Chemist: 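Take this structure first; my questions come after.
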Number of protein chains: 2
Amino acid sequence: MSTAATPLYEKVKAHVLKRIRSGEWRPGARVHSEHELVRELNVSRMTANRAMRELVQSGVLSRIAGSGTYVADLRSAGHPLQIRNIAAEIKERGHVHRAQVVSHGRVAVPAEVRAHLKPRGRELFHSLVVHHENGVPLQLEDRYVDPAVAPGYLDLDLSEVTAHEYLMEAAPLERVEHVVRAIVAPARVASHLRLAPGEAALLIERTTWRRGRPASFARRDPAGARFARRGVFAQ
Amino acid sequence: MSTAATPLYEKVKAHVLKRIRSGEWRPGARVHSEHELVRELNVSRMTANRAMRELVQSGVLSRIAGSGTYVADLRSAGHPLQIRNIAAEIKERGHVHRAQVVSHGRVAVPAEVRAHLKPRGRELFHSLVVHHENGVPLQLEDRYVDPAVAPGYLDLDLSEVTAHEYLMEAAPLERVEHVVRAIVAPARVASHLRLAPGEAALLIERTTWRRGRPASFARRDPAGARFARRGVFAQ
DNA sequence: AAGTGGTCTAGACCACTGT
DNA sequence: CAGTGGTCTAGACCACTTT
């Protein structure tokens with residue numbers, strides 16, 4: 001019953017999607033149950049189940065055990081935006097990426113970082129790096145790393161390896177959280193990015209979790225006007 | 001063999017994740033095959049398969065049919081950020097959302113919009129709405145809509161129905177594109193959002209495709225400092 | 001030829017919902 | 001109570017890769 005270009009569960013999905021797109025099943029309406037799909041389409045229940053589960057996962061349907069499966073209301077659904085690695089992005093554009101290391105050492109835990117990282121020790125590793133695209137400063141990266149998670153962080157040559165690449169090897173990434181906002185670039189940021197006084201900048205705060213706890217906190221300041229590109233770039 | 005708080009396939013996932021987190025299986029390494037997991041954990045192959053499939057879906061593993069399953073290299077992978085519906089977001093916080101309609105009518109196609117929308121006619125529908133959260137202006141929405149896609153747009157009461165909600169009913173959403181950047185709020189935006197002169201604001205440009213062509217273009221100006229929240233909000 | 005993932009079946013038991 | 005989704009099994013056939 002297999003041997004088809006498109007798998008059966010995809011046909012079941014298409015069958016359901018068609019009825020939703022045609023307006024036959026409107027948001028909030030109950031769709032056919034798995035057993036009904038089994039009878040209608042001559043598939044096994046596991047196949048119908050997989051189709052429905054994937055449609056739930058993609059946000060098209062929602063299910064209530066014991067009750068039924070309903071067409072989701074996409075009106076309030078979110079749309080994903082990628083946060084991408086800036087170095088990789090610049091290279092993909094065929095441009096030259098250069099990382100200028102401003103400082104790289106140990107610091108006492110700053111108060112505003114304590115809200116994001118709760119290190120066991122009293123010190124954090126810190127680095128301040130300016131990323132350039134074809135010689136133009138594009139982003140300031142202010143990163144704090146828990147020594148317990150990445151003890152070798154100070155030995156890195158950050159002009160060669162991005163902190164993100166190293167941290168991925170030191171400990172796998174479990175969770176990432178981003179906060180994006182707009183600010184008027186403070187003097188320190190403006191000077192590194194050669195921004196005019198009062199120029200706007202995006203501020204991206206990124207916290208990563210590794211080994212079950214927050215392991216690094218980074219502030220990114222991409223130059224506002226130079227960043228009129230698709231998506232948001234960090235890492 | 002069921003009757004457990006956590007499903008078996010979740011246990012299989014945990015089993016695999018544990019070995020990855022411990023460093024036993026590094027990025028690029030081959031992990032145990034489905035049959036091996038079946039023997040190790042005494043589960044059926046369908047259960048092992050579901051576990052592995054979900055780990056692929058979440059980006060932890062990648063599979064090559066006929067060859068094996070490998071630990072994915074997350075180093076250059078992107079991370080999603082949600083672009084959410086501001087009205088829904090405000091309501092979820094239990095706050096009051098109010099949409100103040102500044103203008104709502106027809107306009108000749110502005111030059112800077114022509115880059116995003118290529119309407120067949122000479123006019124576009126246009127609306128300018130300020131979104132308030134508990135009385136505080138939070139976002140300015142400047143939207144252009146192709147009359148061919150949403151002929152009823154001018155009949156809407158935008159203080160009751162968000163444009164997004166209406167457009168979802170008029171024609172299904174096929175594609176969305178966002179450009180995010182930081183700007184110093186121009187005077188017009190600053191006055192609507194009651195921002196101080198020179199204050200920074202996020203600018204989100206959003207183009208939606210419906211019926212195979214660009215159907216609406218919207219500029220969103222969320223107030224920068226008031227928006228120190230997780231994620232980016234638009235729609 | 002042996003191993004791998006991709007798919008599919010025809011049953012099953014469970015907890016829960018709704019009438 | 002019948003119906004629903006959630007899970008699980010023990011097989012199976014297939015196309016493909018690797019040795």
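Labels below follow one simple rule: chain letters A, B, ... track the order of the sequence lines, proteins then strands, and each chain is numbered from 1. Note that this is a predicted model, so its numbers are computed, not measured.
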Chemist: Measure CG/B:Asn42 against C1'/D:dT9 and give the value in whole Å, please.
Modeler: 12 Å
Chemist: In whole angstrom, what separates B:Gln57's CD from C:dG5's P?
Modeler: 18 Å
Chemist: Strictly by modelled atom types, are A:Arg50 and A:Tyr9 linked by a side-chain donor-acceptor pair under 3.5 Å?
Modeler: yes
Chemist: Expressed as a whole number of angstroms, how long is the span from B:Arg53:CZ to C:dT7:P?
Modeler: 7 Å
Chemist: Tell me the interatomic distance from B:Lys13, atom NZ, to D:dC8, atom C1', rounded to whole angstroms.
Modeler: 16 Å
Chemist: What is the distance, to the nearest angstrom, from the CE atom on B:Met46 to the P atom on D:dT7?
Modeler: 13 Å
Chemist: Test of understanding: with salt bridge (charged side-chain N to carboxylate O under 4.0 Å, His left out), list the residues that count as partners of B:Glu40, not counting sequence neighbours.
Modeler: none
Chemist: Does C:dT7 have OP1 or OP2 sitting under 4.0 Å from an N or O in the side chain of A:Tyr9?
Modeler: yes
Chemist: Whole Å only: how far is the CG atom of B:Leu8 from the P atom of D:dT7?
Modeler: 11 Å
Chemist: Partners of A:Arg26 by salt bridge (charged side-chain N to carboxylate O under 4.0 Å, His left out), sequence neighbours excluded?
Modeler: none
Chemist: Please state how far atom CZ in B:Arg50 lies from atom P in D:dG6, giving the value in whole angstrom units.
Modeler: 8 Å
Chemist: Would you indicate which nucleotide in D:dC8, D:dG6, D:dT9 comes nearest to any side-chain atom of B:Pro7?
Modeler: D:dC8
Chemist: Using atom types as modelled and distance alone, determine if a side-chain donor or acceptor of B:His104 lies under 3.5 Å from a backbone N or O of B:Tyr153.
Modeler: yes
Chemist: For a quick test of reading the model, state the closest non-hydrogen atom pair linking A:Arg213 to A:Lys118 and the distance between them.
Modeler: NH2-O, 4.5 Å
Chemist: Can you check whether B:Ser33's main-chain N or O pairs, donor with acceptor, with B:Glu36's side chain at less than 3.5 Å?
Modeler: yes
Chemist: Mark yes or no for whether B:Ser22, through its side chain, and B:Arg19, through its backbone, hold a donor-acceptor pair below 3.5 Å.
Modeler: yes
Chemist: Would you say A:Thr47 places a side-chain N or O within less than 4.0 Å of OP1 or OP2 belonging to C:dT7?
Modeler: no
Chemist: How close or far is atom C1' of C:dT4 from atom CG of B:Leu37, stated in whole angstroms?
Modeler: 12 Å
Chemist: Set out, line by line, the N/O atom pairs under 3.5 Å between protein and nucleotides 2-4 of chain D.
Modeler:
| unit_1 | atom_1 | unit_2 | atom_2 | d |
| --- | --- | --- | --- | --- |
| D:dG3 | N2 | A:Gly66 | O | 2.8 |
| D:dT4 | OP1 | A:Ser33 | OG | 3.4 |
| D:dT4 | O2 | A:Gly66 | N | 3.2 |

Chemist: Mind checking B:Arg45 for me? I need base, sugar-phosphate or nothing, with any heavy atom below 4.0 Å counting as a touch.
Modeler: base
